[in-house]
Asker: 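Just passing along the structure, written as structure tokens.
We use all heavy atoms of the structure for the numbers below, so side chains are in, but hydrogens, waters and symmetry mates are not.
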Amino acid sequence: MPATATATDPGNSRTRSWWGWGYADAHPDDAECVEMGALLPGTLARPLPIPRVADLAIGSPAVEPPPSLAHLVTADPEARAAHAMGKAYRDVIRALRGRPGRIPDLVARPTDDQEVADLLDWAGAHQVAVVPFGGGSSVVGGVEYRGDAHRAVLSLDLTAMDRVLEIDAVSRSALIQAGALGPVLEEQLRPHGLTLRHFPQSFEFSTLGGWLATRAGGHYATVHTHIDDFVQSLRVVTPAGTGTSWRLPGSGAGPSPDRLFLGSEGALGVITRAWMRLQERPRYKASASVAFTDFQRALDAVRAIARSDLAPANCRLLDPGEALLSGASHDGSAVLVLGFESATAPVEDRLTIALDLARAHGGTGEAPKANGGAPADAAVSAWRSAFLRMPYLRDGLARMGAVVETFETAATWDRIPALIDAVRTEVGAAALKATGHAATINCRLTHVYPDGAAPYFTVAVAGRPGDEVAVWDDIKAAATDVLHRHRATITHHHAVGRDHRPGYDLQRPAPFALALRATKNALDPHGILNPGVLID
């Protein structure tokens with residue numbers, strides 16, 4: 001079976017792109033790439049060609065699996081290429097330039113926990129690095145191998161383990177295998193009127209296990225912002241053994257075993273299944289947008305809403321550049337996108353109160369209609385469409401030699417204004433120095449809390465032809481420095497991977513790093529699990 005096929009979703013026959021984001025048929029064509037490139041002075045005159053697996057230098061595997069595991073493993077070149085990298089900008093541009101890095105020797109697709117354990121036992125005995133792989137949507141170098149310390153590399157693709165195994169309607173939870181892609185998972189819950197309702201931008205192309213291993217941020221802008229909030233119990237296979245935590249609504253019994261593996265990125269073990277808290281599917285929804293001419297007052301409005309008990313599902317503030325890019329505004333205004341939802345009661349009153357709070361800080365927006373239901377909002381629709389389309393456009397601009405990438409963070413409210421200003425100034429200066437071109441730097445708030453927010457930055461600038469990865473690395477280094485000086489996290493929801501290691505090493509306390517290394521040595525004595533992620 002070709003690695004690009006979405007075999008775990010029988011109703012979907014579209015082909016995944018091995019080198020870029022999402023579906024191969026959704027990428028901009030050459031004409032659209034040229035049109036986009038014209039917006040960034042200094043880009044290429046013609047787009048780089050779509051890369052082909054046949055053009056890659058893919059050698060023979062350095063190892064062979066034993067006969068007992070051979071039926072789980074493939075050395076197919078397409079499968080290996082599709083599992084070589086994630087979907088960050090630096091991954092896309094390396095594929096376009098024919099420099100994908102080290103390609104895994106083998107790809108394995110286990111179907112149960114015992115097969116995962118057997119593969120780990122074999123790998124540990126033969127110095128084979130194992131990189132757990134879900135949907136492959138990592139944007140931080142989390143699913144690739146770097147270096148040469150291991151004899152071979154095995155990509156452990158868990159997407160054959162994609163079933164909802166059990167539903168507990170009384171406790172409103174479900175036991176779900178970790179390889180289930182977002183749509184596959186939701187389709188199995190739908191007949192029961194239930195939903196996990198965790199919708200990251202990568203929803204179509206990422207798995208439950210990937211969300212858990214990276215502590216992914218999802219649909220909710222307030223309250224339940226991370227996948228952590230929905231976890232009841234985890235089952236994890238490690239080289240040292242397999243363990244399952246108890247299903248509990250809460251516990252004060254020492255450090256949480258689930259917290260040890262949430263965010264562990266496959267470095268400590270392989271999450272194979274989880275009991276997840278579910279919700280009834282929402283019946284009531286309302287949304288609206290609010291425009292601001294003063295970005296600082298918009299920040300104040302968002303802070304007021306975050307500190308209320310309204311708990312909007314969507315509370316995303318777009319700065320003027322981001323609003324223009326998404327089509328939410330064309331007059332230089334910042335735009336706040338608000339959305340409420342509930343399975344039990346209408347939400348228009350909550351939206352009305354949120355709009356009143358926004359207007360008290362200088363915002364302008366239309367109130368919901370009195371007969372129930374919010375008015376149609378072109379800004380909300382434009383933002384939603386742009387949100388889903390943006391990764392494809394990024395890849396189109398990459399074909400034009402542009403450097404287009406994002407990074408996100410979180411900080412307390414007292415630091416947010418200065419942090420945003422510093423990123424715009426210092427990262428902009430780094431981009432100009434690296435390329436000789438002025439960069440576009442936009443910001444939006446993706447998640448908000450009573451005590452802080454998560455700014456999400458987009459950087460776009462013409463690159464140096466053939467040297468785009470180095471340009472982005474220079475820009476990202478400048479961004480990491482700004483985040484560290486402002487005590488902002490290196491990542492709010494994109495994980496650490498390999499790209500964020502420098503910032504993560506600075507952020508974590510030294511005693512915690514000591515404990516993490518000891519845990520790694522205890523659970524993975526041969527050092528085969530996702531080497532280079534989180535710790536050395």
Asker: Where do His224 and Gln279 land on the side-chain hydrogen bond (donor to acceptor under 3.5 Å, both in side chains) test, with the steps shown first?
Answerer: CA-CA 12 Å; His224 300 300; Gln279 305 169 64; over 6 Å; no
Asker: So does Gly365 get a backbone contact from the side chain of Arg359, meaning a donor-acceptor N/O pair under 3.5 Å?
Answerer: yes
Asker: Might you confirm whether atom CZ of Arg283 has over 12 heavy atoms from other residues, nucleotides or ligands at distances under 6.0 Å?
Answerer: no
Asker: According to the interplanar angle, ranging from 0 to 90°, do the rings of His198 and Trp211 count as parallel (below 30°), tilted (30 to 60°) or perpendicular (above 60°)?
Answerer: tilted
Asker: Any sub-3.5 Å donor-acceptor pair from Glu322's side-chain atoms to Asn442's backbone N or O?
Answerer: no
Asker: Verify, without hydrogens or angle tests, whether Thr409 (side chain) and Thr489 (backbone) share a donor-acceptor contact under 3.5 angstrom.
Answerer: yes
Asker: For the backbone of Ile441 and the side chain of Arg424, can you confirm whether one donor and one acceptor N or O come within less than 3.5 Å of each other?
Answerer: no
Asker: Taking all non-hydrogen atoms of both residues into account, name the closest pair between Cys443 and Ile420 and its distance.
Answerer: SG-CD1, 4.0 Å
Asker: Could you check whether any side-chain N or O of Gln507 sits under 3.5 Å from a backbone N or O of Ile490, counting only pairs where one atom can act as donor and the other as acceptor?
Answerer: yes
Asker: Under a 3.5 Å distance rule, please check whether Arg94 uses its side chain to pair with a backbone N or O of Arg90 as donor and acceptor.
Answerer: yes
Asker: Which atom pair, heavy atoms only, marks the closest approach of Ala323 to Leu318?
Answerer: N-CB, 3.9 Å
Asker: Which pair of non-hydrogen atoms, one from Phe340 and one from Ala354, has the smallest distance, and what is that distance?
Answerer: CZ-CB, 3.8 Å
Asker: Under the 3.5 angstrom rule, does the side chain of Arg172 hit a backbone N or O of Leu278 as a donor-acceptor pair?
Answerer: yes
Asker: Would you call Asp228 and Arg259 a salt bridge, using N to O less than 4.0 angstrom?
Answerer: yes
Asker: What do you reckon, is CZ of Arg46 surrounded by more than 12 foreign heavy atoms closer than 6.0 Å?
Answerer: no
Asker: When the ring centroid of His492 is compared with that of His226, is the distance short of 6.0 Å?
Answerer: yes
Asker: Between the side chains of Thr159 and Asp157, does any donor sit under 3.5 Å from an acceptor?
Answerer: yes
Asker: Tell me if a side-chain donor or acceptor on Trp413 pairs with a main-chain N or O of Tyr449 at a distance below 3.5 Å.
Answerer: yes
Asker: Could you tell me whether Arg297 and Asp300 have a side-chain N and a carboxylate O separated by less than 4.0 Å?
Answerer: no
Asker: To check you understand the geometry: which heavy-atom pair defines the closest contact between Arg277 and Val231, and what is its length?
Answerer: NH1-O, 2.6 Å
Asker: Do the side chain of Arg16 and the main chain of Gly135 share a donor and acceptor less than 3.5 angstrom apart?
Answerer: yes
Asker: What is the minimum heavy-atom distance between Gly179 and Thr207, and which atoms define it?
Answerer: O-CG2, 3.5 Å
Asker: Please check if the distance between the ring centroids of Tyr23 and Phe205 is under 6.0 Å.
Answerer: yes
Asker: Testing the basics here: between Pro28 and Tyr392, what is the closest heavy-atom pair and its distance to 0.1 Å?
Answerer: CD-O, 3.4 Å
Asker: Would you please classify the geometry between the His494 ring and the Tyr456 ring as parallel, tilted or perpendicular, with 30° and 60° separating the classes?
Answerer: perpendicular
Asker: Taking only Lys NZ, Arg NE, NH1 and NH2, and the carboxylate oxygens of Asp or Glu, determine whether Asp29 and Arg399 approach each other closer than 4.0 Å.
Answerer: no
Asker: Salt bridge between Arg281 and Glu186, side-chain N to carboxylate O under 4.0 Å?
Answerer: yes
Asker: Do Gln296 side-chain atoms and Pro417 backbone N/O form a donor-acceptor pair below 3.5 Å?
Answerer: no
